[in-house]
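Working notes for the structure below.
Labels below follow one simple rule: chain letters A, B, ... track the order of the sequence lines, proteins then strands, and each chain is numbered from 1.
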Number of protein chains: 2
Amino acid sequence: MRQTGPERVKKIRGDVTLKDIAEVVGKSVAAVSRALNDHDDIGEETRAYIKQVAREMGYIPNPMAQRLRKQSTDTLGLILPVFSPKSFDPYFSELLAGIANEAGQHGFDLLVSTCVPGPAEIQAYTRLMNGRRIDGMVVTRPRWNDERVAVLYEKEFPFVVIGDCNPAQEVPCVTDDAGFGARLVVEHLVQLGHEKIALINTPRELVFSTNFYIGFRDALHRAGLPVQEDFIIEADFSQKEGYRAAQTLLSRPDTPTAIVTADDIIALGAMAAAQDQGFQIGNDLVVTGYGDSLLSEYSQPPLTTIHRPTYTIGQKACTKLVAFIKGEPVADFREVIEPSLVIRQSSDLALWL
Amino acid sequence: MRQTGPERVKKIRGDVTLKDIAEVVGKSVAAVSRALNDHDDIGEETRAYIKQVAREMGYIPNPMAQRLRKQSTDTLGLILPVFSPKSFDPYFSELLAGIANEAGQHGFDLLVSTCVPGPAEIQAYTRLMNGRRIDGMVVTRPRWNDERVAVLYEKEFPFVVIGDCNPAQEVPCVTDDAGFGARLVVEHLVQLGHEKIALINTPRELVFSTNFYIGFRDALHRAGLPVQEDFIIEADFSQKEGYRAAQTLLSRPDTPTAIVTADDIIALGAMAAAQDQGFQIGNDLVVTGYGDSLLSEYSQPPLTTIHRPTYTIGQKACTKLVAFIKGEPVADFREVIEPSLVIRQSSDLALWL
DNA sequence: ATTATAAACTAAAAGGTTTAAGCTGTCAAG
DNA sequence: CTTGACAGCTTAAACCTTTTAGTTTATAAT
């Protein structure tokens, strides 16, 4: 029954299906399928032959058919918040790179969607979930009482959270330790002799912000410094908001000598505001960031910040999510990565030398 | 035959299929499908009823079944070059945002994959194509004799190119006018009185680089200035490469008074090199970039550059690709967008005032 | 009264894969 | 010689939707 020659090449262009292979090798479609998937109820010889023919014919499985049948998509979902048309946070770029690379390693596709933050957000999530387009979801920047997490959890849809999330919820997550980061920054500033340290925090609905605040507060306590509530202010993730916040802080009668911010992009805004008021950053006033994004290296002056291994976090989160989807045992639900301090000129102009 | 009550609600959780609806309304599966898709051979009343029941039952079509049947995926592919683990070019972030947003508008999903540039690249492309995972592909940073374009073209796979591409190939593309951008920069520098203008160009295999070079050269000619070949040097898209290139330029006996670069990130490297050699950027030496990425605004000093509307380019490219896939007539194959000059302190320190 | 036409549907196939269940033949144990 | 076990297959169903090619019924035209 073995055919060779033209017949076997016939379908070399166009879409070769299991049926085509079955015809050539003279076995059933099921046998071909099972041979290619290495089931053990197909003879050694037959299996080898089928595989060879499949290779020669250039067989590529039709993913849609597989997905329909297996009721799984081998695809992960990631929804990026796009605030303004003009680009988005470099944090997400790095995260995306980590996730996408790792997903590829596991044979998963990555579906990326965007949405403007707000009420439409949850729709974007449910659309991907309900549409059975993806097997699992990556959630970023978790909030207290996060509706996204609630929905995913309730529907028992596999997901992983990137960033600190509500410890009351037992959800798989990979995060940097914001509190530890804040502590590193404050200790650095205390060492430099600062006593009046202000904080521009990210929005309070983020779990991250709370942890950052707690780390900040505790570090001050530990240094024997008071926590002045009017030295603490919130800002969204934007340069503009950072500018506004710093302006407010610096217009007070008693100005701080250091401004800790919970995000690099906010720090950039804060630096701009301070500079506009005549401060020399790194000398009259110290500003620090969080994230160690590309921006912090090239800012003016370069920004002292907390290095968060975003790429690695993306990778680990992806690995965890894939394990989850495959039903493999997941060792540690909550993976915490220690960030590190990167000292640049914005905290110590002497480094210019 | 109309059922109401529990039966209709029975499947409200879990996956409602056409069959379930058909049973409830007492019609055939085909009728339900045709009603929901607004075919005109279903009675007005029936159609309304079916739609209502579908809504009540929370019916969501199974995309995999649709895709298998329709032999299309309603998904676009984008492959991001990831050079180093540490983040990627902000250019791609902005592009991604534009493409993803627009794709969503058209009801398309966006599949994002990454690959390290090099020989593995073409595999990533063929994998997506051959796997029938996507209906169309976005190609970025086209090169002369671009293998990706060749493969896509040869297989008649729908695609759109973002960025200048080989004019000999009749391929759909959306691009900024690099030559025009170069001209704007040179004219600006000439106006500032510069006569010794160097160029750090991007790698010559990119069509962009050639166009940028031609614009640069022509603008010099027009200004009556000579084109000195040893003032022209190439660099990859990295800060490091920009640093190296500028170092080379500035180590020559006759140093330029202005360095034009073909990319912001290269410009940042060039500035760093110049600063390390004691130049005051914007005064002793002028450096310009291309792209107007986030970085350029926050660099030290802020970078005079060419604004490329990357987000918009992403949107337009996506629209074009979708039209192409749907077989709609595409008006202009080649869409060229004029960039504009953004003057910051790196070319004119007086702006500091 | 017959035929043509249109409206409103239905049955079945197709899209490609995987899997549950069943079948055949061989060999060994009883 | 029977029974059982096992290897190595095959058949048919399932996944869910869309489309092709009818079929039925009612109405209009002849």
Side-chain angles (χ1 to χ4, degrees), chain A residues 1-2 11 14-51 53-54 57-75 107 130-135 326, chain B residues 1-2 11 14-51 53-54 57-75 107 130-135 326:
Chain A
M1 275 305 297
R2 298 196 172 186
K11 271 228 154 187
D15 294 344
V16 180
T17 68
L18 289 182
K19 201 173 150 203
D20 299 321
I21 300 174
E23 275 166 20
V24 171
V25 300
K27 303 268 168 180
S28 71
V29 169
V32 175
S33 171
R34 301 184 75 82
L36 294 177
N37 289 301
D38 282 322
H39 288 235
D40 56 3
D41 57 354
I42 301 293
E44 197 54 60
E45 200 188 346
T46 319
R47 187 212 312 279
Y49 176 51
I50 288 176
K51 281 193 175 179
V53 171
M57 293 177 74
Y59 171 70
I60 298 167
N62 182 321
M64 298 313 152
Q66 289 179 315
R67 290 169 184 187
L68 173 59
R69 173 62 228 220
K70 302 219 273 198
Q71 297 285 79
S72 74
T73 63
D74 288 359
T75 304
N130 293 337
R132 309 171 199 75
R133 286 158 205 278
I134 56 172
D135 290 345
K326 292 188 175 168
Chain B
M1 275 305 297
R2 298 196 173 187
K11 272 229 155 187
D15 293 345
V16 181
T17 68
L18 289 183
K19 199 174 151 203
D20 298 321
I21 300 174
E23 274 166 21
V24 172
V25 301
K27 303 270 168 180
S28 72
V29 169
V32 175
S33 171
R34 302 186 73 83
L36 293 177
N37 288 301
D38 283 322
H39 288 235
D40 56 3
D41 56 355
I42 301 294
E44 198 54 59
E45 200 189 345
T46 318
R47 187 210 314 277
Y49 176 51
I50 288 177
K51 282 193 175 179
V53 172
M57 293 176 73
Y59 171 70
I60 298 166
N62 182 320
M64 297 314 151
Q66 289 179 315
R67 289 169 184 187
L68 174 58
R69 174 64 230 219
K70 302 220 272 199
Q71 297 285 78
S72 74
T73 63
D74 288 359
T75 304
N130 293 337
R132 309 172 198 74
R133 287 158 205 278
I134 56 172
D135 290 345
K326 292 189 176 169

Quiz item: Closest approach of B:Ile42 and B:Ala31, non-hydrogen atoms and distance?
Solution: CD1-O, 3.8 Å

Self-check item: Whole-Å gap separating P (D:dG8) and CD1 (A:Ile50)
Solution: 12 Å

Quiz item: B:Asp40 CG to C:dC9 C1': how many Å, rounded?
Solution: 13 Å

Self-check item: Difference in axis direction between the ends of the helix from C:dA1-D:dT30 to C:dG30-D:dC1, five pairs, 10°
Solution: 70°

Practice problem: Using whole Å, report how far CZ of A:Arg67 lies from P of C:dT19. | Solution: 16 Å

Quiz item: Shortest non-hydrogen contact from B:Arg47 to B:Ala35?
Solution: CG-O, 3.7 Å

Quiz prompt | Where B:Tyr59 and B:Val16 come nearest, the two heavy atoms and their spacing | solution = CD1-O, 3.3 Å

Quiz item: Does A:Asp135 use its side chain to pair, donor to acceptor, with the backbone of A:Ser72 at less than 3.5 Å?
Solution: no

Quiz item: Can you name the closest pair of heavy atoms from A:Ser33 and A:Leu18 and give their distance?
Solution: CB-CD1, 3.8 Å

Quiz item: B:Glu44 has an atom CD; how far is it from atom P of C:dA8, in whole Å?
Solution: 9 Å

Quiz item: For nucleotides 14-23 of chain D, read 5' to 3', which letter fits each nucleotide if B means a protein heavy atom sits under 4.0 Å from the base, S means only the sugar-phosphate is that close, and - means neither?
Solution: BBBBBBB---

Quiz item: Is there a donor-acceptor contact under 3.5 Å from the side chain of A:Asn37 to the main chain of A:His39?
Solution: no

Exercise. Kindly indicate whether the side chain of B:Asp74, heavy atoms from C-beta on, has any atom under 4.5 Å from the side chain of B:Gln66.
Key: no

Quiz item: Can we say B:Asp40 and B:Arg34 salt-bridge, meaning some charged N sits less than 4.0 Å from an Asp/Glu carboxylate O?
Solution: no

